[in-house]
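Below is one structure, written out as structure tokens; the observations come after it.
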Protein chains: 2
Amino acid sequence: MPRPSTPLLSADRIRSAALAIIDRDGLDGLSMRKLAAELGVQAASLYGHVRTKDQLLNDIAASILQPVDMSGFDVDWREGLVRCARSYREALSAHPNIVPFLAYGPAGREESLRRLDILNGALVNAGWSRREATMIVAGLMFIVFGAALSSFSNGFSADPADYGDRFPNLDRAHLLPAVAAELDRDSFELTLAAFVRGL
Amino acid sequence: MPRPSTPLLSADRIRSAALAIIDRDGLDGLSMRKLAAELGVQAASLYGHVRTKDQLLNDIAASILQPVDMSGFDVDWREGLVRCARSYREALSAHPNIVPFLAYGPAGREESLRRLDILNGALVNAGWSRREATMIVAGLMFIVFGAALSSFSNGFSADPADYGDRFPNLDRAHLLPAVAAELDRDSFELTLAAFVRGL
DNA sequence: GAGTTAACCTAACACTGTTCGGTTAATCGG
DNA sequence: CCGATTAACCGAACAGTGTTAGGTTAACTC
């Protein structure tokens, strides 16, 4: 195929197609050839719009995290922390399959630094020392990322026989998958609330 | 090479060689061919001792988590949670490069279920409802895994120019890598303490 | 001593991310 | 309007991946 009249590809189209594949087939389900195929194109063509697969994933991650809410600090720092964490987790849990990728290292993006700057500033403003502020921010990230990926209740089998008599305190663990989403959210809220209260 | 007089390979040798590679070269640095080479053997030979690479990683993960301390519940549930979380994180942070693998899903193995059973039982015993107990356990895992992989302070560049005037509250972020390990631990302890206190 | 099993090998398969060089259409300068 | 440049795609290839099939020989069992 020569150069087409209207371009088939664009960075945006590539990103959203890639994200769709990740959501559907998991992180390992995304390959450049498969992505190209779904866009009606050969793999090599993608590299005219995307520097590398890793970069593509980073861009996707950044776009997912765009809508994280930093507005709560106008009220007070506790509200700021809660809103930030909540919207952060929501953004991640809408695309859980990409979270393992984030585990490889901070998608050291501009946007991401901006958020950290706001968090730190707000906490210092509220009277925390710089070191404390840093640690609190870290703790908030621990909880957000932990909640996003542990996706705790997903790890359990739906077969009661897998727990049986051996683990008497897990005798209802097989029910977890059915309520996984709700329980994950509630667990996150409980953890976040306890953390902020305990500070 | 025919069958050697004394076997060159064993599941144990393979596991520890693999872990050494992961610690040294990262998770992506481990390939079956490289692993075989370091053991003085061809890649195919590994499959006489190991079912699959994924299984190998799961086994390694399980062996790392073996020494998690469940004894604190003899004192009280708060102490139990703290000791469990602390030793859990310590085990993971001794081999940080394998943590991203765990993010792909719980190495849902026998040992891991045993620990969850103990946690749940102790909390219910202490008066929490079953649902609350489940959520508290989940929260603990959030913090442990979050702390292990966010490995927060590692994400920052050591070059002050990367933050400069744009992010005034991050003006000392370039110092983070130097104290990463200590800060990560302190952040974890602060988060854990706040969480347990807030319950 | 024969037969079986265990431990290794070589070779291959079907993938992966990425690069190189080529072909053609759109676009811009004069 | 024409020539040169650029942009968008393709085919083929490279080096690497996990894994399997089939072969060879040593060690063990009866």
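We name chains A, B, ... by the order of the sequence lines, and we start the count at 1 in each one.
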Report task. Apply side-chain contact (heavy atoms from CB on, under 4.5 Å) to Ser63(B) and list each qualifying residue two or more places apart in sequence or on a separate chain. Result -> none
Query raised in the report: Over how many whole Å does the gap from Tyr47(A) atom OH to dA8(D) atom C1' extend?
Result: 16 Å
Query raised in the report: Using a cut-off of less than 4.0 Å, is there contact between a side-chain N or O of Ser45(B) and OP1 or OP2 of dA7(C)?
Result: no
Report task. Please name all residues satisfying ring-ring contact (aromatic ring centres under 6.0 Å, His included) with Phe188(A), sequence neighbours left out, ordered by chain then number. Result -> none
Would you be so kind as to tabulate the donor-acceptor pairs closer than 3.5 Å made by side chains of residues 38-49 of chain B, with sequence neighbours excluded?
{"unit_1": "Glu38(B)", "atom_1": "OE1", "unit_2": "Arg24(B)", "atom_2": "NH2", "d": "3.0"}
{"unit_1": "Glu38(B)", "atom_1": "OE2", "unit_2": "Arg24(B)", "atom_2": "NH2", "d": "2.9"}
{"unit_1": "Ser45(B)", "atom_1": "OG", "unit_2": "Gln42(B)", "atom_2": "O", "d": "3.3"}

What side-chain donor-acceptor pairs closer than 3.5 Å can you find for residues 26-37 of chain A, not counting sequence neighbours?
{"unit_1": "Ser31(A)", "atom_1": "OG", "unit_2": "Lys34(A)", "atom_2": "N", "d": "3.1"}
{"unit_1": "Lys34(A)", "atom_1": "NZ", "unit_2": "Asp25(A)", "atom_2": "OD2", "d": "3.0"}
{"unit_1": "Lys34(A)", "atom_1": "NZ", "unit_2": "Gly29(A)", "atom_2": "O", "d": "2.9"}

Query raised in the report: In whole Å, what is the span from the NE2 atom of His49(A) to the C1' atom of dA7(D)?
Result: 9 Å
Query raised in the report: Applying the side chain to side chain contact (heavy atoms under 4.5 Å, CB included) test to Leu170(A), which of Asn120(B), Thr134(B), Leu119(B) qualifies?
Result: Asn120(B)
Query raised in the report: Could you give the NZ-to-C1' distance, from Lys34(B) to dG16(D), as a whole number of Å?
Result: 12 Å
Query raised in the report: Taking only residues at least two apart or on different chains, which pairs with a member in residues 64-75 of chain B satisfy side-chain hydrogen bond (donor to acceptor under 3.5 Å, both in side chains)?
Result: Asp69(B)-Ser71(B), Ser71(B)-Arg83(B)
**Report entry** salt bridge (Lys or Arg N to Asp or Glu O under 4.0 Å) partners of Arg166(A), counting only residues at least two apart
**Finding:** Glu110(B)
Query raised in the report: For the helix from dG1(C)-dC30(D) to dG30(C)-dC1(D), what angle lies between the axis at the first five pairs and the axis at the last five pairs, to 10 degrees?
Result: 10°
Report task. Could you tell me which residues satisfy side-chain contact (heavy atoms from CB on, under 4.5 Å) with Ala122(A), sequence neighbours excluded, listed by chain and number? Result -> Phe73(A)
**Report entry** Spacing between Lys53(A) atom NZ and dT19(C) atom P, to the nearest angstrom
**Finding:** 14 Å
Report task. Find the distance Leu9(B):CG to dC9(C):C1' and express it as a whole number of Å. Result -> 13 Å
Report task. Please list, chain by chain and in numerical order, all residues satisfying salt bridge (Lys or Arg N to Asp or Glu O under 4.0 Å) with Asp186(B), sequence neighbours excluded. Result -> Arg131(A)
Report task. Considering only NZ, NE, NH1 and NH2 on the basic side and carboxylate oxygens on the acidic side, decide whether Arg114(B) and Glu111(B) come within less than 4.0 Å. Result -> yes
Report summary line: Between CG of Leu46(A) and C1' of dT19(C) the distance, given in whole Å, is 14 Å
Query raised in the report: OP1 or OP2 of dG18(D) sitting under 4.0 Å from any side-chain N/O of Thr52(B)?
Result: no
Query - Interface residues of residues 20-32 of chain B with DNA chain D (non-hydrogen, below 4.0 angstrom) - result: Leu30(B), Ser31(B), Met32(B)
Query - Distance in angstrom units between Gln42(B) CD and dA12(C) P, rounded - result: 14 Å
Query raised in the report: Which pairs count as side-chain hydrogen bond (donor to acceptor under 3.5 Å, both in side chains) when at least one residue sits in residues 88-102 of chain B, sequence neighbours excluded?
Result: Asp23(B)-His95(B)
Can you tabulate the close N/O pairs, meaning under 3.5 Å, that link protein atoms to atoms of nucleotides 12-15 of chain D?
{"unit_1": "dA13(D)", "atom_1": "N6", "unit_2": "Arg33(A)", "atom_2": "NH2", "d": "3.2"}

Query raised in the report: Atom CD of Gln55(B) to atom P of dT19(D): distance rounded to whole Å?
Result: 11 Å
